Amino acid sequence: MMKNQLAGLMKQAQAMQAQMAKLQEEAATKTVTGTAGGGVVTVTANGAMEIVNILIDPDAVKNGDAEMLQDVVLAASNDALKKARQMMA
């Protein structure tokens with residue numbers, strides 16, 4: 001009887017593992033967008049917590065303030081990743 005219970009548990013664990021793999025695969029196809037600087041920078045992240053796109057308004061580059069632009073990109077990236085975590089919760 002103990003062998004049957006163990007075999008059943010193993011089967012359940014394998015099914016759960018397969019389901020988790022499927023969910024992770026699906027999550028990678030879903031995206032969210034974060035913005036900063038009033039829309040100057042837009043960052044897209046997927047459910048796998050990967051940054052998949054960054055859009056920067058060309059006018060933001062013209063002023064030459066690289067430090068400000070870096071801060072805005074960072075803020076938009078963090079916003080996108082926060083939304084991706086919330087989507088997966």
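When a residue number appears, it is its place in the shown sequence, counting from 1. Every value quoted in this text rests on a predicted model; they were computed, and no experiment measured them. These values consider heavy atoms only, across backbone and side chains, with no hydrogens, waters or symmetry-generated copies.
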Given side-chain contact (heavy atoms from CB on, under 4.5 Å), test Asp79 with Lys83 step by step and report yes or no.
CA-CA 6 Å; Asp79 185 41; Lys83 288 177 180 177; 3.5 Å; yes

How many angstroms lie between atom CG of Leu9 and atom NZ of Lys11, to the nearest 0.5 angstrom?
12.5 Å

Nearest 0.5 angstrom please: Gln24 CD to Glu26 CD, how far?
11.0 Å

More than 12 non-hydrogen atoms from neighbouring residues, nucleotides or ligands closer than 6.0 Å to CD on Gln19, yes or no?
no

When every non-hydrogen atom of Val73 is compared with those of Val43, the smallest separation belongs to O-CG2, 4.3 Å

Any non-hydrogen side-chain atom of Leu74 less than 4.5 Å from a side-chain atom of Gln70?
no

Salt bridge Asp59-Lys62, side-chain N to carboxylate O under 4.0 Å
yes

Transitive ILVMFWY side-chain link Ile56 to Met68, under 4.5 Å
yes

Least distance between heavy atoms, Asn46 atom then Ala84 atom
O-CB, 3.6 Å

Can you give me the closest heavy-atom contact between Ala60 and Leu69, atom names plus distance?
CB-CD1, 4.0 Å

Distance in Å, Gln14 CD paired with Met16 CE, rounded so as to fall on 0.5 Å steps:
12.0 Å

Can you give me the closest heavy-atom contact between Val32 and Met87, atom names plus distance?
CG1-SD, 3.9 Å

side-chain contact (heavy atoms from CB on, under 4.5 Å) between Lys30 and Met88, worked out:
CA-CA 10 Å; Lys30 296 179 182 180; Met88 298 310 300; 5.6 Å; no

Verify the cluster assignment for Val61 and Leu55: are they in a single hydrophobic cluster under the rule of side-chain heavy atoms below 4.5 Å apart?
no

Taking all heavy atoms of Ala76 and all of Ala36, pick out the closest pair and write down the distance.
N-CB, 3.6 Å

Take a 6.0 Å sphere around CD of Glu67 and say whether it holds more than 12 heavy atoms from other residues, nucleotides or ligands.
no

